[in-house]
Amino acid sequence: MTQIKSDSCCSPSAIEIDIPRIFINIATCTGCGLCGEVCPFGLPQSNGSGKYEIKSSELCIECSACARNCPTQAIMLQEQKGCGCLWDARARKKNPSNSNGCGCC
Amino acid sequence: MAVTYMRKLEEEPSTYDTKFTTLTKGVNNKVRDWVLDRIRSSQLIFEIGCGTGALASKMALKGNDVVAIDKNINMINYAMKNYPTETDVNLLYQIGTVEDFTVEDNSKDIIVSTFMLSELKPFEQQKLLRMAWKALKPNGRFILAAEFIPSGFWKRIFKIKRWWYKKKLRRLRLKTTSVIKWFFKYLEPIGFEINNHKTWKHGSIQALELLKVDVNGNNKPGYYRPRAKKFKGIHSQIRIYRCIFTGQIDHVPIEPGLYKSGNPNRNSPIIVTANYEYTYIKVMRDLKGLDAWVLCVDSDGINVWCAARGDDFGNNQLFEAVETTNITTITDTRTLILPQLSAGGVSIPQLPKKSEGFPFKITFGPVWSKHLPQFIKEKPGRKSDKMKIAKFSLSHRIRAGITHTTFLFRKIFLLPLLALALIILGFNVLLGLNWYNKLYWIGEIFLWIIVANIIISLLFPISEFTRRFIVKGVFFGALNVIILSTLTWILHNSIIFILLNVCFYFWIAFFSTMSFSGDTMYTNPREIQGEYPIFVRINKILIIISLVFLVIGLIIY
């Protein structure tokens, strides 16, 4: 029998649910395509039936460009503040209340 | 010069006045006396940014009717505690800013504001002037004092002092005030005449008495438009290099406002962009003289992408730019072409409506300005992949590599190595030692940094097998060890020397790769923030080992 590791049931990592970091709610999507026009990586793509879907959500950097411009708020993602710069990460780790990041960029 | 430090002093209203006097070496008292000298009695006065109310109460005691506002509630509370005890004083303190405070048009004789202007950014300063113009009666006066940049030799001293206090504020995690650069240019176009002008401390503190003039004859304040700015020739090329060399650290702002490409008419397209100098020059060059309006929002001298991600290029800045440049009456075009990368800050559904003074439709243009002419010509409903996908191409990587090399030189290695070189030179001269090969070794460190960054910029796409920057860092660290060891073998033919430096070779590339995260655009901030604690640990260990071996190498080699 496989032995269950002592921490696998109680540690926070065990109850983490793997949801994609971004997805489009098909029910409210009108297929206007604006998300596809603003995404710098071209992730939202037409699914062939007049709606849009995210093809590879693991490539999303959560910049929120699509979500904040979607006319029907059909895009679900938790926006992450910050610019992806290491020094910005440092400023935010050191002082989580700091909303300006490193201020360099 | 040191006025920016008032950001710290503002935290304690009870000690603000005395500490501010120490900071300005008493000039603030002279400014107050100068302002009081300009004011007789029975005037309707509005003071913006009254602070502890020191000036407001004196003006009221002179027999004037004073309304004084400040945005800091602690300041207002303190001012209320020291409210004059005399009877018949007409003084009203209120919490508010220029933005949210409405004053009736043509209702005030005098508007006063001391040491508040540096809190405002260029567009806000223009808005303040227009608001003051409207609130003043005909021939009313706007009396203001602030810290300005002196000219000539004193400018250098000013810059050094400001740099010192900025560092101090940074340590306290407070934002600095802005330098007032272009304020005098706004006065005439908006409708003010300088009636009286007094300077202290070589012009670093100045007080102005401005007279309201009806410039257009229609009882409305005018609008300021910046002069055309050159984007061709050697000077602008130097500015481009200046931005590339300091890309990680410096804001390089130009005047925000409306510019012209070619000869735009009332139907020409409107291109919106950031007020980073590099961005402006690139956009103007890429438009190739095509007739268009170029609207630079005030993104604090930051490029479009970073500004959009950092709340410096969003709906507020866009609306402010439209409002302050009066663009709605200048053109009939009702579409704004925004850079695609500004979509991370601008939100179309949340923009003000037409009735709220924003009659524009937004189109997100291409990612790179080089595609702008094609975009304007074709007006594609759907952009091609070439126009909308952000790639970290070779030319971007080379620029990022240059930026990182200069970053490592300027911020980390220059001063310690310079000190070390001087010490070695001192030993050479004073003790008669022949340590010149050690000087050569210092020069080689610079070579290593350059080589490591060249490797990373050229070969970065190889590391696309992973999204984790720690893994990328280890990969390039190992690669750098191989290449630099080979180079060292060729130069020195010594295994021991290579072994002493191996850790340092690894660290340079590891550190630089991690630092590249800010340039790729496809770095997820959540991922890099998650990786940061691990990076710090590895980084510390690598630095300690590297330093120990470098010192050993320096001594025995």
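Please read all numbers here as calculations on a predicted model, not as lab measurements. Labels below follow one simple rule: chain letters A, B, ... track the order of the sequence lines, proteins then strands, and each chain is numbered from 1.
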Can you tell me which of V38(A), N69(A), L59(A) forms the most heavy-atom pairs within a distance under 4.5 Å of chain B?
N69(A)

Using a cut-off of under 4.5 Å on heavy-atom pairs, state which of G42(A), G33(A), A67(A) scores highest against chain B.
G33(A)

Does [X], at its [atom1] atom, have more than 12 non-hydrogen atoms belonging to other residues, nucleotides or ligands within less than 6.0 Å?
{"X": "K370(B)", "atom1": "NZ", "result": "no"}
{"X": "K51(A)", "atom1": "NZ", "result": "yes"}
{"X": "K354(B)", "atom1": "NZ", "result": "no"}
{"X": "K55(A)", "atom1": "NZ", "result": "yes"}

Measure the acute angle between the ring planes of Y522(B) and F41(A), then classify it against the limits of 30° and 60° as parallel, tilted or perpendicular.
perpendicular

Aromatic ring pairing F511(B)/W87(A), orientation class (parallel under 30°, perpendicular over 60°, tilted between):
tilted

Answer with side chain, backbone, both or neither: which region of F535(B) has an atom nearer than 4.5 Å to a non-hydrogen atom of chain A?
side chain

Under a 4.5 Å cutoff for heavy-atom pairs, which residue among [options] has the most contacts with chain A?
{"options": "R526(B), Q529(B), K388(B)", "answer": "R526(B)"}
{"options": "L341(B), I362(B), V346(B)", "answer": "V346(B)"}
{"options": "G344(B), G518(B), G381(B)", "answer": "G344(B)"}

Interface moiety of [X] toward chain B, non-hydrogen atoms closer than 4.5 Å:
{"X": "C39(A)", "result": "backbone"}
{"X": "E58(A)", "result": "backbone"}
{"X": "L34(A)", "result": "side chain"}

Using side-chain heavy atoms (C-beta onward) and a distance below 4.5 Å, is R467(B) in contact with I61(A)?
yes

Are the side chain of S517(B) and the backbone of C85(A) linked by a donor-acceptor contact shorter than 3.5 Å?
no

Is the backbone N or O of F364(B) less than 3.5 Å from a side-chain atom of E37(A), with the two atoms forming a donor-acceptor pair by type?
no

Assess whether side chain to side chain contact (heavy atoms under 4.5 Å, CB included) is satisfied between L86(A) and E531(B), documenting all intermediate values.
CA-CA 9 Å; L86(A) 186 69; E531(B) 283 186 82; over 6 Å; no

What's the shortest heavy-atom distance between [X] and [Y], and which atoms?
{"X": "A343(B)", "Y": "R68(A)", "value": "O-CD, 3.2 Å"}
{"X": "N524(B)", "Y": "E62(A)", "value": "ND2-OE1, 2.8 Å"}
{"X": "P71(A)", "Y": "P349(B)", "value": "CA-CG, 4.3 Å"}
{"X": "R309(B)", "Y": "S64(A)", "value": "NH1-OG, 4.2 Å"}

May I ask you to say whether E527(B) pairs ionically with R21(A), meaning some side-chain N is under 4.0 Å from a carboxylate O?
yes

